[in-house]
Amino acid sequence: MKSQDFIDLDEKYGAHNYHPLPVVIANAKGCKVTDPEGKVYFDFLSAYSAVNQGHLHPKIIKAVRDQLNRVTLTSRAFHNDKMGLFLKKLCEFTGYENALPMNTGAEAVETAIKAARRWGVEVKGVENGKQEIICVNDNFHGRTIAVISMSNDPDSTVNYGPYLPGFKRVPYADADAIARAVTPNTVAVILEPIQGEAGVCVPPHGYLAKVREICTKNKILFILDEIQTGFCRTGKRFAWEHEGARPDIMCLGKALGGGIMPISAIVADHAIMKVFTPGSHGSTFGGNPLACAVGIAALEVLVDEKLDENAERLGKIFREEMGKIKCPRVKLVRGKGLLNAVLFEEKFEAWNVCLALRDAGLLAKQTHGNIIRFAPPLVITEKELREAIAIIKGVFEKIA
Ligand SMILES: *Cc1c(COP(=O)(O)O)cnc(C)c1O
């Protein structure tokens, strides 16, 4: 079968809830993927930063194989001999006292919302049903009904009503707007330290620290969604570390699964996590031994290979080199670590640029029409990065 045959199958039998670039991936290794015809591409999306450790990392694959010989699924009705080790490793990696494992990112966000609402009643003393959570414009926290109720993106929300009440949305990167939105019923503020899906929007330095201060002053939980920015992507283990603005709850996902399977979690200290009591929350697959084996290996790879330092160093080179490219349509290059984006002028259609990049051997996807995100696996070497930059340069300099 050829690439087009696989695309036709997706079109015919799938729901059309995505508009993928016409390319089929049949194999992958490290920061490269291969199509059925054997053409090799740099992967500059990394499954939206879920493949920070690179495709098929040998250490993670070994952990999977070993675990497949033992046990894969137990449910939480019983203990298993992997979950505790995973939770300990995740707590040590993040610097929190407790972790609660789920599967997808959206579930981690749901879990954080539930934690904050309960905490609001049981610790802060808000009347149940009156809890308010402050969120921000252009957020992306996932696709469930609760989560899209925070969104102002028409693509994600139109005709899915009724939406979940209890959210108040304010502009991003405006700490005063958050302060003004606070009421006695506010239990939490939730935001992304850098807005990935919105086009790698980096707030001005000091924003996160200021929000942290507002939350502390008003006895409000500060929730950061680090699902895309976390696990070394921005040059630190977590993006909040750039400002020392430690959140009360962190939502984690994507690269926690080491590019193998969905693994998500929230982490928080005991004073918050204690609101969960037996029967009050759960997931059949959350904390399964296979996922925990993968999670342990995924975290070890980040530490052993110092992927935070690699992202920091190579990110600087990437932005510097992109800044040198002569393309009159490019307005701005922005990002942190290896989470970067190129903004073209308003109304510019970046889809065609993504097709040209594909033909030249590099996969990236536009967001909001005129923005292309560049986020390779963090295991990429400087030599590979420079090869990829040469591809991007060749394509950009041909844009009329
Ligand atoms: C991808 C993403 C999510 C949702 O994760 P899923 O695993 O797709 O549910 C939530 N928040 C952010 C910031 C994300 O990038």
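Numbering of ligands and ligand atoms starts at 1, following listing order. For reference, positions follow the sequence shown, starting with 1.
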For atom 7 (O) of ligand 1, the protein heavy atom that lies nearest, with its residue and separation: Gly105 N, 2.8 Å
Grouping I, L, V, M, F, W and Y whenever their side-chain heavy atoms are under 4.5 Å apart, do Phe44 and Val200 come out in a common cluster? no
For ligand 1, which atoms, with element, lie under 4.0 Å from some heavy atom of Ile227? 2 (C), 3 (C), 10 (C), 11 (N), 12 (C), 14 (C)
Considering non-hydrogen atoms of the protein only, which is the closest contact for atom 9 (O) of ligand 1, and what is the distance? Ala106 N, 2.8 Å
Report the part of Lys254 in contact with ligand 1, treating N, CA, C, O as backbone and CB onward as side chain, heavy atoms under 4.0 Å; options are side chain, backbone, both, neither. side chain
Would you kindly say whether Glu213 and Thr216 are connected by a side-chain donor-acceptor distance under 3.5 Å? no
Please state which option from Gln228, His141, Met102, Glu107 has its nearest heavy atom closest to atom 10 (C) of ligand 1. His141
Applying side-chain contact (heavy atoms from CB on, under 4.5 Å) between Ser46 and each of Leu338, Val51, Ile380, report the one that passes. Val51
Got a donor-acceptor contact below 3.5 angstrom from the Glu349 side chain to the Trp351 backbone? yes
Among all protein heavy atoms, pick out the one at the shortest distance from atom 11 (N) of ligand 1; state its residue, atom name and that distance to 0.1 Å. Asp225 OD2, 2.6 Å
Can you list the atoms of ligand 1 that are under 4.0 Å from a heavy atom of Thr104? 7 (O), 9 (O)
Is ligand 1 under 4.0 Å from a heavy atom in the side chain of Tyr48, in the backbone, in both, or in neither? neither
Parallel, tilted or perpendicular for Phe344 and Phe348, by the 30°/60° rule? parallel
If you measure from the Lys or Arg side-chain nitrogens to the Asp or Glu carboxylate oxygens, is any gap between Asp269 and Arg246 under 4.0 Å? yes
